[in-house]
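A quick note: this is a predicted structure, and the numbers were derived from the prediction, not measured.
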Amino acid sequence: MQWGLGVVGFAVGLLIAVVTAPVGVSGAVFLLPVQLSVFAVPSPAVTPTNLLYNVVAGPGALLRYRRDGALRGPLVRRLVMGTLPGVILGAVIRVFALPGPHVFRLMIAALMLPLGIWLITRPLRPTHPESPRPEPAPRTVTGLGLAVGVVGGIYGMGGGSIIGPILAGRGVPVAKVAPAALASTFATSTVGASTYALLSLAKTGSIAPDWFLGLACGLGGLIGGYLGARLQPRLPETILRLLLGTLATTLGALYAIDALS
């Protein structure tokens with residue numbers, strides 16, 4: 001039974017990462033509701049399990065982006081400077097202030113609904129190449145990273161699914177955002193997973209990650225992330241963003257209905 005669960009987790013991680021890696025998203029935002037509904041991972045252990053998935057899956061896409069020379073530039077450093085302290089704070093908030101699954105599901109819906117709407121409407125908006133928006137200042141990027149790190153620590157994500165669309169909307173090219181967001185996700189997830197492991201020593205309950213499931217999903221994401229990053233130049237970004245937006249909106253709506261019923 002345990003190995004069968006691992007095979008399913010591997011397949012889920014693989015499929016999610018193939019679709020999400022090309023736009024700079026690790027896929028943890030979509031793995032989260034699968035863990036709650038399909039694998040029945042208890043709360044708050046679902047959060048560090050998601051972070052563990054990011055740690056294992058992240059190097060796949062990053063290796064491919066590095067080989068393509070897409071990990072150069074200061075954007076990665078600016079994001080990490082903000083997200084690293086943010087994810088530690090988010091983990092503490094998640095463990096000591098938001099342990100209830102009912103509240104957690106409402107928060108999932110509150111995150112995924114606007115994220116999905118953003119991803120759907122962004123490609124449909126008319127562009128104005130004659131007046132491009134300037135890229136955000138370094139301090140703004142670091143501040144956004146801090147806020148996203150807190151959210152990522154609470155929800156069990158590295159934050160790439162949030163910071164990526166925001167930076168793209170602020171004028172940063174998506175080809176530049178995607179590898180930087182994944183690199184930031186990997187760094188913050190490593191710190192976040194370690195923080196939860198330490199917190200599990202000081203507080204009783206389901207705080208430590210589900211190591212077996214996290215590793216199984218992560219190995220699938222490792223392969224899927226590499227394939228997704230390799231496919232990025234061949235896949236139209238508009239279709240990917242519409243697909244991700246539809247999925248996020250649907251999942252957010254389902255959890256909102258479930259939490260309110």
*Using the rule that two of Ile, Leu, Val, Met, Phe, Trp, Tyr join whenever any of their side-chain heavy atoms come within less than 4.5 Å, decide whether Met81 and Leu75 are in one cluster.*
no

*Would you mind reporting whether Phe39 and Asp210 have side-chain heavy atoms less than 4.5 Å apart?*
no

_Within this structure, what is the CG-SG distance for the pair Leu52 and Cys217, rounded to the nearest 0.5 Å?_
9.0 Å

*Is the backbone N or O of Leu242 less than 3.5 Å from a side-chain atom of Thr246, with the two atoms forming a donor-acceptor pair by type?*
yes

_Asn54 side chain to Phe186 backbone, donor-acceptor under 3.5 Å_ = no

*Consider only side-chain heavy atoms of I, L, V, M, F, W and Y, link residues closer than 4.5 Å, and tell whether Val34 and Leu15 are in one cluster.*
no

*Which atom names give the shortest non-hydrogen contact between Gly60 and Tyr226, and what distance separates them?*
O-CD1, 3.4 Å

*If every non-hydrogen atom of Ala109 is compared with every non-hydrogen atom of Gly252, which pair is closest and at what distance?*
CB-O, 3.3 Å

_Pairwise distance CD(Gln35) to CG(Asn50) - rounded to 0.5 angstrom_ = 4.5 Å

*Hey, which of Val87, Ile88, Leu89, Thr83 is the one that makes side-chain contact (heavy atoms from CB on, under 4.5 Å) with Val150?*
Leu89

_Side-chain donor or acceptor of Thr188 paired with backbone N/O of Gly149 under 3.5 Å_ = no

_pair Pro179-Leu62: side-chain heavy atoms closer than 4.5 Å_ = no

*What are the two closest non-hydrogen atoms of Ala21 and Gly225, and how far apart are they?*
CB-O, 3.7 Å

*asked:* I need the Leu144 CG to Arg78 CZ distance, nearest 0.5 Å.
replied: 12.5 Å

*asked:* Minimum heavy-atom separation for Val80 and Ala187, please, with both atom names.
replied: CG2-CB, 4.2 Å

*Is Leu227 linked to Val56 within one hydrophobic cluster, defined over Ile, Leu, Val, Met, Phe, Trp and Tyr using a side-chain heavy-atom separation of less than 4.5 Å?*
yes

*asked:* Looking at every heavy atom in both Ala216 and Gly6, which two are closest together, and how far apart are they?
replied: CB-O, 3.5 Å

*Are any of the side-chain heavy atoms of Val76 and Ser184 separated by less than 4.5 Å?*
no

*Would you say Val38 and Leu31 are hydrophobically clustered, going by side-chain heavy atoms of ILVMFWY under 4.5 Å?*
yes

*asked:* Can you tell me which residue among Thr190, Leu146, Val191, Leu79 is in a side-chain contact (heavy atoms from CB on, under 4.5 Å) with Leu84?
replied: Val191

_Listing request: all salt bridge (charged side-chain N to carboxylate O under 4.0 Å, His left out) pairs with a residue in residues 139-153, at least two apart in sequence or in separate chains._
none

*Shortest non-hydrogen separation from Ala181 to Gly24 and the atoms involved*: CB-O, 3.5 Å

*asked:* Could you check whether Thr185 and Ser26, counting side-chain N and O atoms only, form a donor-acceptor pair closer than 3.5 Å?
replied: no

*First locate atom OG1 of Thr249, then atom CD1 of Ile120, and finally report the distance between them rounded to the nearest 0.5 Å.*
3.5 Å

*Heavy-atom distance under 4.5 Å between the side chains of Ile223 and Phe10, does that happen here?*
yes

_Donor-acceptor pair, distance only, cut-off 3.5 Å: does the side chain of Tyr65 make one with the backbone of Leu182?_
no

*Are Leu5 and Tyr53 connected, step by step, through hydrophobic side chains (Ile, Leu, Val, Met, Phe, Trp, Tyr) whose heavy atoms are closer than 4.5 Å?*
yes

